[in-house]
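Written out below as structure tokens is the structure these notes cover.
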Amino acid sequence: MEEKDLRPNADALLKEVEKDDVKKGRLKIFLGYAPGVGKTFAMLNDAHVLKKRGLDVVVGIVETHQRADTEALLADLEIIPRKKIDYKGLSVSEMDLDAILARHPSVVLVDELAHTNIEGSRHPKRYQDIEELLEQGIDVHTTVNIQHFESMNDAVAKITGVRMQETLPDTFFDRTDEVQVVDIPWEELIQRLKEGKVYFPQQARRAIDHFFQRGNLFALRELMLTLVARKMDSELINYMRAKAIPGPWPATEKLVVCIAASPYAKQLIRKAYAIAKDTHAEWYAVYVLPTGFTEPSGRDKLYLTDALNLAEELGAKVTSLSGNDVAEEIIRFARENNVTRIVIGKPLRPAIIEFFKRSPASRLLRAAGDFEIHLITPTMGRKEEDIKPPPQQASFKLAHYFIPLGMIVAITLMNLLLQRIVDPSSLVYIYLIATSVSALLFGMWPSIFTSITSLLTFDFLFTLPRHSLTMKEPKEIINVLVFLFTAIMIGQLVKIVKKQNISLQLRLERVALIEEMSKEFLTLPPLEQLVEGLAAFSQETMNTLAFLRTTIINDISQLTLKYVRKVIHVPCFVLFKEKKGDLQLWAKSSPDLEISQNDLAVAKWTFSHGEIAGAGTETLPSIPYHFLPIKSQEEEIIGVVGIQYEFKNLLPEQRRILGTISNLTSLVAARWVKI
């Protein structure tokens with residue numbers, strides 16, 4: 001065994017160190033396979049054991065569902081009062097996150113991990129509340145059933161016929177420090193149902209007839225044990241690597257899942273995630289846009305962004321590719337990144353269509369390479385009807401057809417003169433000039449019209465018998481067929497070249513946008529140069545410096561808004577940190593732009609936590625803006641950019657460009673903000 005194999009793995013060692021980090025809270029999940037197995041009961045029993053050991057344990061929120069034995073266990077535990085939230089005229093109670101943070105116990109009990117918070121809460125999901133508690137060093141004990149994990153959604157729906165609406169990402173489960181499986185035999189669970197210990201009698205009868213069937217419970221129980229075994233296996237391997245325990249390590253697995261703008265894309269992502277977890281593979285989610293295509297629109301964009309957001313949530317590296325041959329682009333990406341597995345959806349078209357129009361899946365199956373192909377058949381029901389509006393067709397312009405007709409007439413007159421000195425059968429190729437120009441200037445359909453009209457004109461005037469649309473000479477028939485094929489090929493080649501030029505222009509525009517912004521920022525005077533020019537730091541000097549600070553930060557803000565609007569043309573604004581530590585509005589894209597106190601409150605949350613928040617995110621999504629933090633090189637938050645657009649609807653490339661703009665802004669503004 002080589003010496004390097006005996007060294008601890010740095011990444012694995014870091015994970016082990018992080019588990020022992022006392023600054024962050026530890027997470028324990030009581031996991032069950034169905035309601036009524038006793039998760040909450042087990043959690044409360046465990047809390048009493050911890051309390052006897054002297055730990056400070058409080059109840060953040062526990063749902064007893066009027067079960068006497070569960071309510072009895074709450075008697076000797078401190079309960080944090082719930083927070084009342086007004087929602088559509090009703091008073092709804094939720095866990096009081098701020099009260100728990102202020103109380104700061106050693107351990108807090110938080111029931112029903114997958115719960116969706118009422119609108120107006122700080123976070124839309126309870127697991128996000130738990131994440132904040134863990135960040136503050138508070139241990140959390142919580143409960144959840146297997147069917148609420150995102151990767152299990154399709155399997156549970158297929159088994160039980162019920163698709164869970166409240167789900168949470170598996171990445172949250174991966175960070176769990178301890179999992180306690182709450183498992184009881186299915187016979188005991190059914191008996192508990194019949195005794196009314198889970199639901200009221202009428203609800204219990206319906207549950208037994210539907211969800212709580214014997215086969216369903218067996219399958220859910222197996223899913224639960226599989227998920228826990230997968231986690232235990234992952235932790236064991238990580239421990240062995242961290243401690244440099246020798247073992248038969250396999251080659252590194254890498255997986256790529258290929259998605260398109262389809263209603264089945266999210267299902268494909270979930271399946272790819274499950275395969276990646278089972279094989280311990282690093283995985284990528286890749287989509288290919290046709291050359292020259294900027295981005296999808298309408299319902300297609302919704303399908304794509306939803307799938308990409310889910311992929312990022314489950315830990316995938318999202319990548320966009322550009323090319324007209326989807327299979328070739330995927331193979332190229334797989335080879336460049338040493339990918340071992342490719343996951344792709346099975347074509348849903350009829351076999352006869354698939355025979356004539358080979359899909360990327362069929363091409364990948366025949367591709368050379370050491371790839372393991374996973375062909376996934378969608379298990380969803382009837383495909384959703386596509387209700388998006390039809391794509392806008394290019395407007396019909398007579399000039400696009402009259403100008404080619406004029407060229408045909410001019411070439412015909414020239415051919416009438418040339419036929420005296422040139423073989424008439426060769427004159428057909430001169431009409432290619434009109435076809436090429438039509439394709440270049442007006443597109444595919446005018447070029448096809450030009451080629452057919454040219455062919456008919458040549459046949460009528462220059463082939464025997466004259467002034468008829470018939471041909472007798474085999475040579476002339478061959479010439480005409482070659483002309484038609486050549487004309488169509490030229491039209492298609494011109495179309496491809498135009499698309500490639502558009503794609504190249506788009507990429508150059510994006511590079512030029514960043515280059516232009518960098519140059520404009522460089523024209524702003526650096527702080528050191530201005531300070532050196534000041535003789536002494538008198539009161540007058542400080543006033544001058546304050547004036548310069550205001551002017552420069554205002555210029556930086558205006559430039560930031562200018563380039564944000566070039567990426568996505570929507571209202572936006574910029575806030576920077578003030579000397580007292582508060583945020584101040586420095587620039588708006590429009591004087592009429594309205595910014596409410598709720599909007600500013602979310603901006604302050606982004607400023608405090610250094611994470612995106614607002615519209616289209618998982619944190620405070622009910623406002624019209626989403627906020628990006630502006631971080632200095634020292635990871636200090638110096639400002640926030642607010643954009644009136646849902647973050648989840650941004651494609652990854654747009655997110656990267658906005659992130660680059662934010663980074664450039666921070667490089668220039670950091671020193672000015674701090675003075």
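Heavy-atom neighbours of K28 NZ from other residues, nucleotides or ligands within 6.0 Å: above the threshold of 12.
L31 pairs in a side-chain contact (heavy atoms from CB on, under 4.5 Å) with only one of the listed residues (L113, L225, V228), which is V228.
Pairing each heavy atom of E63 with each of I61, the nearest pair is OE2-CD1, 3.9 Å. Heavy-atom minimum distance, A157 versus R163: CB-NH2, 3.8 Å. Nearest heavy atoms, A272 versus V257: CB-CB, 3.6 Å. Scanning both residues, A311 and V318, for their nearest heavy atoms gives CB-CG2, 4.2 Å. Of all heavy-atom pairs spanning L308 and Y287, the tightest one is CD1-CE2, 3.6 Å. The minimum heavy-atom distance between Q128 and P124, with the atom names listed, is OE1-CD, 3.1 Å.
A heavy-atom distance below 4.5 Å is found between the side chains of W605 and E611.
A donor and an acceptor atom, one from each side chain of H141 and Q180, are nowhere located under 3.5 Å apart. No hydrogens or angles considered: a donor-acceptor pair under 3.5 Å links the side chains of D170 and S151. Using modelled atom types, one finds no donor on one side chain facing an acceptor on the other under 3.5 Å when comparing E119 with S622.
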(request) Using the salt bridge (charged side-chain N to carboxylate O under 4.0 Å, His left out) rule, take K266 and D306 through it: C-alpha gap first, then chi angles, then the decisive distance, then the call. (result) CA-CA 7 Å; K266 290 178 70 174; D306 278 354; 5.1 Å; no
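Residues satisfying the side-chain hydrogen bond (donor to acceptor under 3.5 Å, both in side chains) criterion with E188, sequence neighbours excluded, are absent altogether.
With salt bridges taken as basic N to acidic carboxylate O contacts below 4.0 Å, one links E94 and R126.
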